[in-house]
Amino acid sequence: MKTAADMVAEARARIEEWDVARLRATPDAVVVDIRDVRERAKGFIPGSVHAPRGMLEFWWDPESPYHREVFAGPGPFVLHCAMGWRSALAAATLQDMGFGIAHLDGGFEAWVAAGGAVEKPEATG
């Protein structure tokens, strides 16, 4: 049996990983937050685009009726989740679809630990 950790390790071996310093040094990077809406509600990287992992392939694919134009741009695109596991798997999947994708090593936790700014959604009520 292959574990989730095995799958993440295999994905990380074949995708491009960025650290926080590289992300900060690349102002034209499109940061894509693949965490679920409950995670994002607690805070997110300013300027990031939210694309829950469950819709990622459909939103990225220009042939899909769910395609989002934000993903038609030149990028570079950098996915992130909380710790970097889901984003590694998602980056590998999008790479398999033919897209040039990177992911943030350590995810949102690494961003916060490095002192990255965190934005919170406006309260609705």
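Position 1 is the first residue of the sequence, and the numbers go up from there.
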Please give me the minimum heavy-atom distance between [X] and [Y], naming the atom from each residue.
X: Ala114; Y: Val20; result: CB-CG1, 3.8 Å
X: Gln95; Y: Arg14; result: NE2-O, 3.1 Å
X: Ala4; Y: Trp85; result: C-CZ3, 4.4 Å
X: Ala11; Y: Ala92; result: CB-CB, 3.8 Å
X: Pro121; Y: Ala41; result: CD-O, 3.4 Å
X: Arg86; Y: Cys81; result: N-SG, 3.4 Å

Does the side chain of [X] reach to within under 4.5 Å of the side chain of [Y], using non-hydrogen atoms?
X: Pro76; Y: Thr26; value: yes
X: Phe44; Y: Arg35; value: yes
X: Met7; Y: Leu89; value: yes
X: Val78; Y: Val30; value: no

Between Thr93 and Asp96: side-chain donor-acceptor atoms closer than 3.5 Å: no

Parallel, tilted or perpendicular: rings of Trp60 and Phe77 (30°, 60°): perpendicular

Cation-pi, Trp18 ring and Arg24 (6.0 angstrom, 45 degrees): no

Within 45° cone and under 6.0 Å: Arg68 NZ/CZ vs Phe71 ring: no

Single-linkage hydrophobic cluster Met83~Ile34, side-chain heavy atoms < 4.5 angstrom: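 No; Ile34 is not reachable from Met83 via cluster members.
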
Val37 with Val49, same ILVMFWY side-chain cluster at under 4.5 Å: no

Mind checking the [atom1]-[atom2] spacing from [X] to [Y]? Nearest 0.5 Å is all I need.
X: Arg53; Y: Asp36; atom1: CZ; atom2: CG; result: 12.0 Å
X: Arg12; Y: Glu17; atom1: CZ; atom2: CD; result: 4.0 Å
X: Leu104; Y: Leu79; atom1: CG; atom2: CG; result: 9.5 Å
X: Met55; Y: His50; atom1: CE; atom2: NE2; result: 12.0 Å
X: Ile15; Y: Ser87; atom1: CD1; atom2: OG; result: 7.0 Å
X: Ser48; Y: His80; atom1: OG; atom2: NE2; result: 5.0 Å

Chi angles and distances behind the side-chain contact (heavy atoms from CB on, under 4.5 Å) call for Ile45, Glu119: CA-CA 6 Å; Ile45 297 173; Glu119 191 170 318; over 6 Å; no

Residue pair Arg22, Glu16: steps toward the salt bridge (charged side-chain N to carboxylate O under 4.0 Å, His left out) verdict: CA-CA 12 Å; Arg22 181 171 180 188; Glu16 184 176 358; 2.9 Å; yes

Verdict with supporting geometry, Val112 and Val118, side-chain contact (heavy atoms from CB on, under 4.5 Å): CA-CA 7 Å; Val112 171; Val118 174; 3.8 Å; yes

Working for side-chain contact (heavy atoms from CB on, under 4.5 Å), residues Asp61 and His67: CA-CA 6 Å; Asp61 181 359; His67 176 68; 5.7 Å; no

Trace of the side-chain contact (heavy atoms from CB on, under 4.5 Å) decision for Lys120 with Lys42: CA-CA 6 Å; Lys120 298 213 177 186; Lys42 296 175 185 174; 5.7 Å; no

Residues, nucleotides or ligands: over 12 heavy atoms within 6.0 Å of Met97 CE: yes

